[in-house]
Amino acid sequence: MDFYTQLFLYLSILYISLYLLFLVFRKKSSVPNLPPGKKGWPIIGKSLAFVGAAKNGCPEKFINDRTAKYSPDVFRTSLLGEDMAVFCGAAGNKFLFSGQNKYITTWWPTSMKKVTIFPETMEKFNKDDPKKMRSFLPEFLKPEALQCYIPIMDSMTREHMESDWSPYKEVKVFPLTKNYTFALACRLFMNIKDPNVVSKFADPFARIAPGFTSVPINVPGTPFNRAVEGGKVIRQELLNIIRQRKQEISEGKDANARDLLSRLLTEADDDGSVYYEMDVSNKIIGLLIASHDTTSTSITVIVNYLASLPHIYEKVYKEQMEIAKSKAPGELLNWDDIQKMKYSWNVACESMRLTPPAQGSFRETITDFTFAGYTIPKGWKTFWTVYTTHKNPKYFPDPEKFDPSRFEGNGPAPFTYVPFGGGPRMCPGKEYARLEILVFIHNLVTKFKLEKAIPDEKIIYNPSPVPANGLLIRLQPLN
């Protein structure tokens, strides 16, 4: 082989080698820089670890372990069978809250849809449905409407205290508050006053929430199966109520009704089909979950701290008694009274900071985007969570200390205190929840002193915080 042939051969090998290296490096460079983290087992992913940490009473452990190991800004995992980017800190919250319909959109886990939505409407259920629902809510959640709710809330709370608290020396707070908030939601949003009708909803409704974040395996005995069966009962009962209300409207019996259900049936695009009735049912179930489940949890958490911290209780009691003494006998609370409950609301906020009623919320990405140097691909799901800020000493010094003064003046820094979310998708019922909580606190502390029967009662998350024994409280009636 002559010199030129050898040279040609060597150059050819060199060229091919360089070309192959170029292809390899180009392929590597085209791979997006995904957030660090591990997905875990196929389908199951890290769902069992996520749920396990919550049931052990420390849901923040799942988040904190991964922010420490991977990134304090965003990490990758797999929850509910989906690729998931968990956004962290105030910057992560701000990005997601302000990115609605630009980078992300509403997303419901499959387990939630299977529990709450009619299977026949699953394909028709789309990302615009929550937006359509929110367009109906302002009329019922604006200040003028909320002012009308306060006397009803106060009256129902008084009745609740008289029938379910006063006759007893000890009560389990959590089941009582669930019944109370559910009855109030039924009254205000569907104009249902009959306790027998309310009870038909209450029992199956209690089975729904634990199935939301469970592994969606529909086998008898599993949390998901119990939630699915509970959802079926609720949907059928709602259909019966919807059809009865439609008949009343057609006969002119419901002409002056102002509740949300009547509004949906009279002003939306009713095509007369069963699918429309199912769609209304889907919307009402979503509203009941949002207005009842987290509020009952919040009230329970607040009562827990009031019973555990006598010095906090005394300050709340003093504020509420000043309001009570200004009222005539039998006079119900009004909007002005609520505005005077500043310290009580600070106590409620600090309670929800330390024990948030909800862990966070999911979204779906609608385009590729970059955050903190990492690429989040289109189609991935995102999750923001209260646990990256609420107990972070960067935002809340001495974070385990119960200190209502954190909420005085301008309060916490933006996007650090997020029990109601934030941005365009902030919970539209935030003010409704505030009124319901404050009216309950007023009636509770002006009637009873509180003592925990089980001082170290454990809190488990399923997915909301639930006292292991229902929060057993000893009542000392006040004159």
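Everything quoted here is computed from the prediction, not taken from an experiment.
Using a 3.5 Å distance cut-off with no hydrogens or angles, the side chains of Thr106 and Arg363 do not pair a donor with an acceptor. One side chain, Thr300 or Thr177, offers a donor N or O that lies under 3.5 Å from an acceptor on the other. In summary, the side chains of Thr446 and Tyr317 do not present any donor paired with an acceptor at a separation below 3.5 Å, with no hydrogens or angles considered. Side-chain contact of Asn469 with Lys172: a donor-acceptor pair under 3.5 Å is absent, judged by distance alone. Between the side chains of Gln320 and Ser344, a donor-acceptor pair is found at a separation under 3.5 Å. For the residue pair Lys342 / Asn346, no side-chain donor-acceptor distance below 3.5 Å is found, with atom types taken as modelled.
Proximity of a side-chain donor or acceptor of Thr385 to a complementary backbone N or O of Gln359 within less than 3.5 Å is detected. No donor-acceptor distance shorter than 3.5 angstrom exists from the side chain of Thr416 to the backbone of Tyr395, with no hydrogens or angles considered. Listed for the Glu319 side chain is a donor-acceptor partner under 3.5 Å among the backbone atoms of Tyr343. Judged purely by atom type and a 3.5 angstrom limit, Ser199 uses its side chain to pair as donor or acceptor with the backbone of Asn196. Side-chain atoms of Asn56 never come within 3.5 Å of backbone atoms of Cys58 as a donor-acceptor pair (strictly under, hydrogens ignored). Ser163 places a side-chain N or O within donor-acceptor distance of the main-chain N or O of Glu159, the cut-off being under 3.5 Å. Using a distance-only test at 3.5 Å, with no hydrogens or angles considered, a donor-acceptor pair links the side chain of Ser166 to the main chain of Met161. Under the 3.5 Å distance criterion, the side-chain polar atoms of Thr388 are matched with a main-chain donor or acceptor of Gly89. Checked by atom type and distance alone, the side chain of Ser308 pairs as donor or acceptor with a backbone atom of Asn304 at under 3.5 Å. At distances below 3.5 Å, at least one donor-acceptor pair connects side-chain atoms of Arg245 with backbone N or O atoms of Met190.
Applying the side-chain contact (heavy atoms from CB on, under 4.5 Å) test to Asp456 and every residue at least two apart in sequence or in another chain returns Ile454. Applying the salt bridge (Lys or Arg N to Asp or Glu O under 4.0 Å) rule to Glu451 yields the partners Arg474; only residues at least two apart in sequence or on another chain are considered. Contacts of Tyr305 classified as ring pair (Phe, Tyr, Trp, His ring centres under 6.0 Å), with partners at least two apart in sequence or in another chain: Phe402. For Phe371, the ring pair (Phe, Tyr, Trp, His ring centres under 6.0 Å) test picks out Phe87, Phe95, with sequence neighbours left out. For the salt bridge (Lys or Arg N to Asp or Glu O under 4.0 Å) test, residues two or more places apart in sequence or in another chain that qualify with Lys327 are Glu331, Asp337. Annotation: side-chain contact (heavy atoms from CB on, under 4.5 Å) contacts of Lys394 (sequence neighbours excluded): Asn392. Applying the side-chain hydrogen bond (donor to acceptor under 3.5 Å, both in side chains) test to Thr389 and every residue at least two apart in sequence or in another chain returns nothing. For Glu431, the salt bridge (Lys or Arg N to Asp or Glu O under 4.0 Å) test picks out Arg434, with sequence neighbours left out. By the side-chain hydrogen bond (donor to acceptor under 3.5 Å, both in side chains) test, Thr294 pairs with no residue at all, sequence neighbours left out. Shown here are the side-chain contact (heavy atoms from CB on, under 4.5 Å) partners of Asp336, two or more places apart in sequence or in another chain: Asn334. Judged as a salt bridge (Lys or Arg N to Asp or Glu O under 4.0 Å), and not counting sequence neighbours, the contacts of Glu350 are Arg353, Arg406. Checked against ring pair (Phe, Tyr, Trp, His ring centres under 6.0 Å), Tyr417 has the following partners two or more places apart in sequence or in another chain: His390, Phe407.
Atom CD of Glu162 has 12 or fewer neighbouring heavy atoms from other residues, nucleotides or ligands inside a 6.0 Å radius. Heavy atoms from other residues, nucleotides or ligands lying under 6.0 Å from NZ of Lys449 number 12 at most. A 6.0 Å sphere centred on CG of Asn410 holds no more than 12 heavy atoms belonging to other residues, nucleotides or ligands. Counting non-hydrogen atoms of other residues, nucleotides and ligands closer than 6.0 Å to CZ of Phe396 gives a total above 12. Counted within 6.0 Å of NZ on Lys61, heavy atoms from surrounding residues, nucleotides or ligands total 12 or fewer; the atom is thus considered open. Residue-environment remark: NZ (Lys391) exceeds the threshold of 12 foreign heavy atoms within 6.0 Å.
Contact of the Glu229 side chain with the Asn225 side chain is registered, since non-hydrogen atoms from C-beta on lie closer than 4.5 Å. In this structure, the side chains of Cys88 and Asp73 stay at 4.5 Å or more apart for every pair of heavy atoms. Side-chain contact check for Phe75 versus Thr77: some heavy-atom pair is nearer than 4.5 Å. Within the 4.5 Å cutoff, side-chain heavy atoms of Met352 are placed close to those of Phe420. Side-chain contact between Glu82 and Trp107 is present, with at least one heavy-atom pair separated by less than 4.5 Å. Contact annotation: the side chain of Tyr180 approaches that of Glu436 to within less than 4.5 Å [non-hydrogen atoms, C-beta and beyond]. Between Val115 and Phe224 the shortest side-chain heavy-atom distance falls below 4.5 Å. Looking at heavy atoms from C-beta onward, Leu333 lies in side-chain contact with Ile323 at the 4.5 angstrom threshold.
Here Ile208 contributes atom CD1 and Thr116 contributes atom OG1; the two are 7.5 Å apart, rounded to the nearest 0.5 Å. The structure places CH2 of Trp108 at 15.5 Å from NZ of Lys381, a figure rounded to the nearest 0.5 Å. The CD1 atom of Ile152 lies 11.0 Å from the OG1 atom of Thr157; values are rounded to the nearest 0.5 Å. Between Leu332 atom CG and Ile150 atom CD1 the span is 10.5 Å, to the nearest 0.5 Å. With values rounded to the nearest 0.5 angstrom, Ile192 atom CD1 is found 9.5 Å from Glu237 atom CD. Atoms CG and CD1, from Leu444 and Ile473 in turn, are 9.0 Å apart once rounded to the nearest 0.5 Å.
A salt bridge is absent between Lys452 and Glu457: the closest approach of a Lys/Arg side-chain nitrogen to an acidic carboxylate oxygen does not fall below 4.0 angstrom.
For the pair Arg187 and Phe189, the cation does not sit on the ring face, since its NZ or CZ is not both under 6.0 Å from the ring centre and inside 45° of the axis.
Between His160 and Trp165, the ring planes lie perpendicular to each other; the angle is over 60°, past the 30° to 60° tilted range.
Between Pro356 and the choices Val418, Val386, Thr297, the side-chain contact (heavy atoms from CB on, under 4.5 Å) rule is met once, by Val386.
Proximity of the aromatic rings of Trp384 and Phe97 is defined here by a centroid distance below 6.0 angstrom, and this criterion is met.
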Legend entry - ring-ring contact (aromatic ring centres under 6.0 Å, His included) between Phe62 and Tyr387, worked out: CA-CA 10 Å; Phe62 180 88; Tyr387 298 117; over 10 Å; no
